[in-house]
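So the structure is just underneath, and the comments pick up after that.
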Amino acid sequence: MKLVSMRFAKTVCTVAAMILVGLSAAAAQTIKIGSKNFTEQFIVAELYAAALEGAGFKVERKINLGGTLVAHEALKSGAIDLYPEYTGTGLNAVMKAQGVTETDPEKVRGMVKAFYEKEFNLTWLKPSGINNGYAIVVRPETAKEYNLKTLTDLGKVSSKLRLGAGTEFVDRRDGIAGLKEVYGAEFAEFKQFAALRLRYEALNQKQVDIANGFSTDWQIAAEKFVALDDDKSLFPPYFLAPVVRQEIAGNAKVVEILEKVGAALDNATMQELNRQVEVDKKEPRVVAAAFLKAKGLVR
């Protein structure tokens, strides 16, 4: 009996040691997290980073890499392991799925997930509650003057109006080309603004009449701008999700943590987090840490 007990104790110790080694190996893995070059991306990348650190993972931050294709290339090359991306961006900017008019969020996610897995050995995790599609916005008085409620309305009077938009809006189908193709919109003038805040400032200061923003922009509600209805579904769904290397997708613990973060986010929440950074001037890392703690996702 004593011999059996000793053997049993030895087995228990061996199993415990193996578990600890496995946990140590997981914790020792350094996960490189990137982001694109605007506020929401900074915050979400910090949410991912802080949540993983809270679970014992080592994290290397590579925030503010640049535009979509810069972040995408960094992921393909292994310079980063994951970054937050939008399904509509994957469809239009990476897949370049010209002419695709699918608006079902799950079908769009399925399309980009299958494409990324086949072409790049990358994959998409479960999406968050954020659908941050393009918003075409005008000042209230402009909407009233031209009776603007939809993008069809805009197309009819676009030749009288000046558009301010971001750099990527020029070349993408879900941008100037699509507005012309689907709505017949051709603008009196186009002004390019790399930074989102500059577009809203230009709109406020009447340097432009229309601007492209995003559904989670805090300025829309704060400034009472009118977001025009995309009544012919030019813009696909833009659900936010982590795009990851397959090695990361194979780590169930990492996937669980990232998807828990996503489940805590929606458009209204993201608007408020964006506002805290852009209006209250808080650091994205501070905003992310406070949010995760409030939601019980980190201690």
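If you're wondering where the values come from, they're calculated on a predicted model, not measured in any experiment.
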> With a 4.5 Å heavy-atom cut-off, do Ile31 and Ile33 have their side chains touching?
Replying inline: yes
> Quick one: do Glu53 and Arg61 make a salt bridge, cutoff under 4.0 Å?
Replying inline: yes
>> Assess whether a salt bridge exists between Glu141 and Lys144, defined as any Lys/Arg side-chain N lying under 4.0 Å from an Asp/Glu carboxylate O.
In response: no
> Under 3.5 Å, is there a donor-acceptor pair between the side chain of Lys149 and the main chain of Leu228?
Replying inline: no
> Got a salt bridge between Arg245 and Glu247, using NZ or NE/NH1/NH2 to carboxylate O under 4.0 Å?
Replying inline: yes
> If you round to the nearest 0.5 Å, how far is NZ of Lys126 from NZ of Lys113?
Replying inline: 13.5 Å
>> Please enumerate all residues that pass ring pair (Phe, Tyr, Trp, His ring centres under 6.0 Å) together with Phe291, with sequence neighbours excluded.
In response: none
>> So, applying side chain to side chain contact (heavy atoms under 4.5 Å, CB included) with Ser35, which one of Val44, Ile63, Leu65 is it?
In response: Ile63
>> If I take atom NZ from residue Lys32 and atom CG from residue Asp81, how far apart are they, to the nearest 0.5 angstrom?
In response: 5.0 Å
>> Closer than 3.5 angstrom, by distance alone: can the side chain of Ser77 be matched with the main-chain N or O of Glu73 as a donor-acceptor pair?
In response: yes
>> Would you say that more than 12 heavy atoms from the other residues, nucleotides or ligands in this model lie under 6.0 Å from the NZ of Lys260, or not?
In response: no
>> What I want to check is whether the side chains of Glu46 and Tyr48 have a donor and an acceptor closer together than 3.5 Å.
In response: no
> Mind checking whether Tyr86 and Phe239 have ring centres under 6.0 Å apart?
Replying inline: no
>> Classify the ring geometry of Trp124 against Tyr116: parallel below 30°, tilted from 30° to 60°, perpendicular beyond 60°.
In response: perpendicular
>> Would you say the ring centers of Phe115 and Phe120 fall short of 6.0 Å from each other?
In response: yes
> Who else is in the cluster with Trp218 when I, L, V, M, F, W and Y are joined by side-chain contacts under 4.5 Å?
Replying inline: Val279
> Out of curiosity, Gln271 CD to Ser215 OG, how far, rounded to the nearest 0.5 Å?
Replying inline: 8.5 Å
>> Using the salt bridge (Lys or Arg N to Asp or Glu O under 4.0 Å) criterion, which residues pair with Arg275? Sequence neighbours excluded.
In response: Glu272, Asp280
> About how many Å separate OG1 of Thr150 and CG of Asp229, when rounded to the nearest 0.5 Å?
Replying inline: 6.5 Å
>> Using 0.5 Å steps for rounding, measure from the CZ atom of Arg139 to the CG atom of Leu203.
In response: 5.5 Å
